[in-house]
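Below you'll find the structure, written out as structure tokens, and then a few comments.
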Amino acid sequence: MQNLKGKKALITGGSRGIGGATALALAKEGVELGLIARSEESFDSIRRYLDEMGAVYALAAADVSRETEVKDAVSKLEQTLGSFDILINNAGVGAHGSFLELQTNEWEKVLNTNVMGIVHVTKAALPGMIEKNRGDIINISSMSGLKGTEGSSAYSASKFAVIGMSESLMQEVRRNNIRVSVLTPSLVETDLTRGKDSGERNPDKFMQAEDLAEYITSLLKLEQRTFIKTSALWGTNPF
């Protein structure tokens, strides 16, 4: 089992939800964090928790769908922390509606964030991993990336693409001792899935962001010679 203390992790969508929970879990392991989120204001809550923990971290605001913003953000974080050992591509958006109802701009927003966002961030962080000749990339897909459902054509298309892209990248960078894993969780209660003010949340029943954070930490602790390529995480009894 690997000791994660002193490793450096870049997390997109790192201010809340799965990204925020993972940041806190890794901080407990002594990982130094570079977090990207869409706005500086979104970091207010997690900054307080990280300060209380005495965590080493740096923050950068960027829209992952915009390549120039991503390059600037990753460069800023690397200047503070150094090149990254771990990349967790978590940032994502959703869209729901029938195929004919969804507007072209909604398709573009979902694909540019969920697919091209991973492309932009990975291109910026991967050279440092290749130079180190080791690293971890974990991409968050969805159960919707394994099975399309009514009303989720754009979201499913993006999450199917994440799985295919992850598989291809994995085959390319294994020779550099870089592990590429993809997660396909079923419903996780976050602001994305439930809305910020939803009354539907039930932590005794539905999967929580902390569950994925715990699992991601366990993946990273595996000895570098081994990794789990694809993980399907399900809620036990969400009925």
Side-chain angles (χ1 to χ4, degrees), residues 2-44 46-47 49-51 53-92 112-140 162 165-166 169-170 172-181 213 216-217 219-221 224 227:
Q2 294 192 60
N3 187 334
L4 302 181
K5 184 175 177 60
K7 289 198 172 189
K8 306 171 195 305
L10 173 61
I11 306 175
T12 66
S15 63
R16 60 184 183 177
I18 295 169
T22 303
L24 295 176
L26 292 182
K28 290 178 183 178
E29 299 289 334
V31 175
E32 299 177 14
L33 303 169
L35 305 182
I36 292 178
R38 188 178 290 269
S39 69
E40 292 285 353
E41 293 74 23
S42 65
F43 289 119
D44 289 346
I46 196 168
R47 183 188 283 113
Y49 291 121
L50 292 172
D51 286 341
M53 297 168 66
V56 176
Y57 68 93
L59 309 174
D63 180 344
V64 297
S65 70
R66 300 180 182 276
E67 186 173 16
T68 300
E69 289 188 22
V70 168
K71 286 181 176 179
D72 290 344
V74 174
S75 176
K76 172 187 173 183
L77 295 173
E78 286 186 333
Q79 286 173 17
T80 302
L81 298 171
S83 59
F84 291 99
D85 306 288
I86 299 163
L87 167 60
I88 299 171
N89 282 306
N90 163 71
N112 285 338
T113 301
N114 296 0
V115 182
M116 294 310 299
I118 292 180
V119 173
H120 299 327
V121 177
T122 304
K123 279 194 167 187
L126 182 57
M129 292 184 184
I130 292 175
E131 186 174 348
K132 290 182 177 184
N133 198 39
R134 65 184 291 134
D136 280 279
I137 298 171
I138 297 178
N139 295 329
I140 310 299
V162 169
M165 177 171 53
S166 300
L169 178 61
M170 179 272 291
E172 285 187 30
V173 299
R174 289 172 71 187
R175 61 180 60 92
N176 302 107
N177 300 303
I178 297 170
R179 309 182 293 188
V180 180
S181 301
I216 288 170
T217 302
L219 289 180
L220 295 170
K221 285 186 173 182
Q224 203 72 22
F227 76 108

Does Glu69 reach the main-chain N or O of Asp63 with its side chain, forming a donor-acceptor pair under 3.5 Å?
-> yes
Asp72 and Lys76, any side-chain heavy atoms less than 4.5 Å apart | no
Taking every heavy atom of Val180 against every heavy atom of Phe227, the minimum-distance pair comes out as O-CE1, 3.2 Å
Ala9 to Leu26 - nearest heavy-atom pair and separation | CB-CD1, 4.1 Å
Supply the atom-to-atom distance Ile140 CD1 to Asn90 CG, rounded to the nearest 0.5 angstrom.
-> 5.5 Å
List for me each residue that meets side chain to side chain contact (heavy atoms under 4.5 Å, CB included) alongside Lys123, sequence neighbours excluded, and say none if there are none.
-> Val119
CG-OH distance between Leu24 and Tyr49, expressed to the nearest 0.5 angstrom | 8.0 Å
How long is the span from the NZ atom in Lys7 to the CG atom in Leu220, to the nearest 0.5 Å?
-> 7.5 Å
Nearest 0.5 Å, what's the CD1-CD1 distance between Ile216 and Ile86?
-> 10.5 Å
Minimum-distance pair of heavy atoms, taken over all atoms of Phe84 and Leu10 = CD2-N, 3.5 Å
Nearest non-hydrogen partners of Ser15 and Ala37, listed with the distance = OG-CB, 3.7 Å
With a 4.5 Å heavy-atom cut-off, do Thr12 and Val70 have their side chains touching?
-> no
Might you work through the side chain to side chain contact (heavy atoms under 4.5 Å, CB included) test for Leu81 and Val56, ending with a clear yes or no?
-> CA-CA 9 Å; Leu81 298 171; Val56 176; 4.1 Å; yes
Looking only at non-hydrogen atoms, find the nearest pair between Gly14 and Ile46 and report the distance.
-> O-CD1, 3.4 Å
Greater than 12 external heavy atoms within 6.0 Å of Arg66's CZ | no
Show me the donor-acceptor pairs within less than 3.5 Å that the side chains of residues 125-137 make with the rest of the protein, sequence neighbours left out.
residue	atom	partner	partner atom	Å
Lys132	NZ	Ser83	O	2.9
Lys132	NZ	Asp85	OD1	2.9
Arg134	NH2	Gln2	OE1	3.1
Arg134	NH2	Gln224	OE1	3.1
Asp136	OD1	Arg179	NE	2.7
Asp136	OD1	Arg179	NH2	3.0
Asp136	OD2	Arg179	NH2	3.2

Side chain Thr122, main chain Ile118, donor-acceptor under 3.5 Å = yes
List the atom of Asn112, the atom of Met116, and the distance in Å for their closest heavy-atom pair.
-> O-CB, 3.3 Å
Approximate separation, where rounding is to 0.5 Å, of Ile138 CD1 and Ile18 CD1 = 12.0 Å
Atom CG of Leu35 and atom CG of Leu33: how far apart are they, to the nearest 0.5 Å?
-> 5.5 Å
Using modelled atom types only, decide if a donor and an acceptor are shared between the side chain of Arg175 and the backbone of Glu172 within a distance under 3.5 Å.
-> yes
